[in-house]
Protein chains: 2
Amino acid sequence: MKRNGRPIIPKKTIYRLSIYLRCLARLRENGIGTVSSEALAKAAGVKSTQLRKDLAYFGTFGTRGLGYDVSELSQKISGELGTAQLQPVVLVGVGHLGLALLSYRGFEKEGFEIIAAFDTEPNRKREKKIAQPILGIREMPAFVAEHAVKMAILSVPVAVAQETVNALIKSGVMGILNFAPIVLAVPEDVMVNNVNLAIELENLSYFIQG
Amino acid sequence: MKRNGRPIIPKKTIYRLSIYLRCLARLRENGIGTVSSEALAKAAGVKSTQLRKDLAYFGTFGTRGLGYDVSELSQKISGELGTAQLQPVVLVGVGHLGLALLSYRGFEKEGFEIIAAFDTEPNRKREKKIAQPILGIREMPAFVAEHAVKMAILSVPVAVAQETVNALIKSGVMGILNFAPIVLAVPEDVMVNNVNLAIELENLSYFIQG
DNA sequence: AAGTGTTTGTGAAATGTTTCACAAGAAATT
DNA sequence: AATTTCTTGTGAAACATTTCACAAACACTT
């Protein structure tokens, strides 16, 4: 299926592309130049046919009888995901979790940089020193607009989550990584990814009962 | 479809049951005693037919023409998910993220209690005081076995993630909430839920370009 | 250069999930 | 008590995703 020229790639496939990218990175670190769909799929925890189907959505990069060139495939997936260039991100809500996320060094490696954080009490004393500036929530709209920030991490209390999202969207944010345990109402063209740790635990709890 | 007497409920349905449970909790807080599938579905961000199908997997609880009793439905879903009683959980890896998770007060409300944390350097000075004991990683096997812990949160560095999981499983852990950006190899009867923040951001990044 | 062995790419089949359409049941109204 | 209104529960249809099966393409060996 296609829409405006580009094929429509399933959400799940996009998710797996990210996983493949990480596996490829590790292969490259180990100096491995070529990999078969079988081997890469195993590393990613999927079936090899699924890996090939996933790649087929946006091109054909392999060599039959040999496999895929690790560097080339990395680049192609990176390009498709749009993580080739560094993306600015803001974080809103600097509580326990927000502070931990600001300290987390895993984003930069993947092409994202938290350039600022916002909180209702930016000067409240925190037990940890961090590199990014913490600004008042009132400064958020201007900052986001000025720096053309398109993505935000939301770690505010549930009570203010919806109003915070409204403000972010008004300022131009299109994608939100939401840690507040609430279903946010957003326009169709805005995307929300929810991370709810309690739900993940509940999920585990169910399936290990059998 | 059924297996050993119980119907097989899709993973996605289980996930949504957790969401319904949260929506119901909020309704109850607001003193609302009855809710229609239409209203609850809207609050949960799904279609009403889907909500009814989800519930139909394990029973029929509604009253036609009226809707569902909020308290009763909460109990039924809780019972199905197995979150009726408090579940002990351990956390392994007390770095930035682990520390934040230990401070997170959202688990208890949902029926989970982090009863202890483990780290290779339990006495390393940390900038935050927390309630749970931090023990050496060597004490983990005995502790987990003794307290019959079935679930663990894994926030260790990638390099030691697999060996840590092996040890946890050996001690009797059946469910793992994994924050390490790596695909863990586990036996069939052990369940892993991965939380990978970089992937979530990458995902957003892709869809807001479209 | 021919033959053998691998591995990709892809229609088709199988499986899984969501949505539709509507009968059936209960409440509310007249 | 009959009628209308509302809402559930569910088989069937539509849609989406995964897996299968195998031809095509290339590498490697002899």
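So you know, we letter chains A, B, ... as the sequences are listed, proteins then strands, and number each from 1.
Distance NZ (Lys47(B)) to C1' (dA16(D)): 15 Å, rounded to an integer number of Å. Summarising the geometry, the separation between CZ on Phe58(A) and P on dG9(C) is reported as 11 Å, rounded to the nearest angstrom. Between the C1' atom of dT7(D) and the CG atom of Leu55(B) lies a distance of 13 Å, rounded to the nearest Å. Straight-line distance from the CD1 atom of Ile8(A) to the P atom of dA16(D): 9 Å, rounded to whole Å. Rounded to an integer number of Å, the gap from OH of Tyr57(B) to P of dT8(D) is 18 Å. Residue Tyr15(B) contributes atom OH, which lies 19 Å from atom C1' of dT18(C) at whole-angstrom precision. Straight-line distance from the NZ atom of Lys11(A) to the C1' atom of dC15(D): 17 Å, rounded to whole Å. Atom pair Gln50(A):CD and dG16(C):P shows a separation of 14 Å (rounding to whole Å applied).
Listed by chain and number, the residues in a ring-ring contact (aromatic ring centres under 6.0 Å, His included) with Tyr104(B) are Phe107(B) (sequence neighbours excluded). For Asn178(A), the side chain to side chain donor-acceptor pair (under 3.5 Å) partners are Asn194(A), not counting sequence neighbours.
Using a 4.5 Å heavy-atom threshold, the side chains of Arg52(B) and Tyr68(B) count as touching. Considering only heavy atoms from C-beta on, Leu24(B) comes within 4.5 Å of Val35(B) through its side chain. Side-chain contact between Ile19(A) and Asn196(B) is absent, with no heavy-atom pair separated by less than 4.5 Å.
The residue among Asp54(A) and Thr49(A) whose nearest nucleotide of DNA chain D lies closer to the 5′ end is Asp54(A).
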Give each protein N/O atom lying under 3.5 Å from an N/O atom of nucleotides 12-14 of chain D, with the pair distance.
unit_1: dA12(D); atom_1: N6; unit_2: Lys53(B); atom_2: NZ; d: 3.2

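Within residues 29-46 of chain A, no residue is approached by DNA chain D to less than 4.0 Å at the level of any non-hydrogen atom.
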| request: At under 4.0 Å between heavy atoms, which parts of nucleotides 22-27 of chain D does protein reach? Answer with one letter per nucleotide, 5' to 3': B base, S sugar-phosphate only, - none. | output: --BBB-
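Here the shortest heavy-atom pairing between Ile114(A) and Leu102(A) reads CG2-CD2, 3.6 Å.
Taking CG of Leu17(A) as the reference point, atom CG of Asn203(B) lies at 9.5 Å (rounded to 0.5 Å). Atoms CG and OG1, on Asp69(B) and Thr63(B) in that order, are 8.0 Å from each other to the nearest 0.5 Å. Taking CZ from Arg16(B) and OG1 from Thr13(B), the interatomic distance works out to 4.5 Å, rounded to the nearest 0.5 Å.
Taking side-chain N and O atoms only, Tyr68(A) has a distance below 4.0 Å to OP1 or OP2 of dG9(C).
A donor-acceptor contact closer than 3.5 angstrom links the side chains of Asn166(A) and Gln162(A).
Under the ring pair (Phe, Tyr, Trp, His ring centres under 6.0 Å) criterion, the residue pairs touching residues 142-165 of chain B are Phe118(B)-Phe143(B), Phe143(B)-His147(B), with sequence neighbours excluded.
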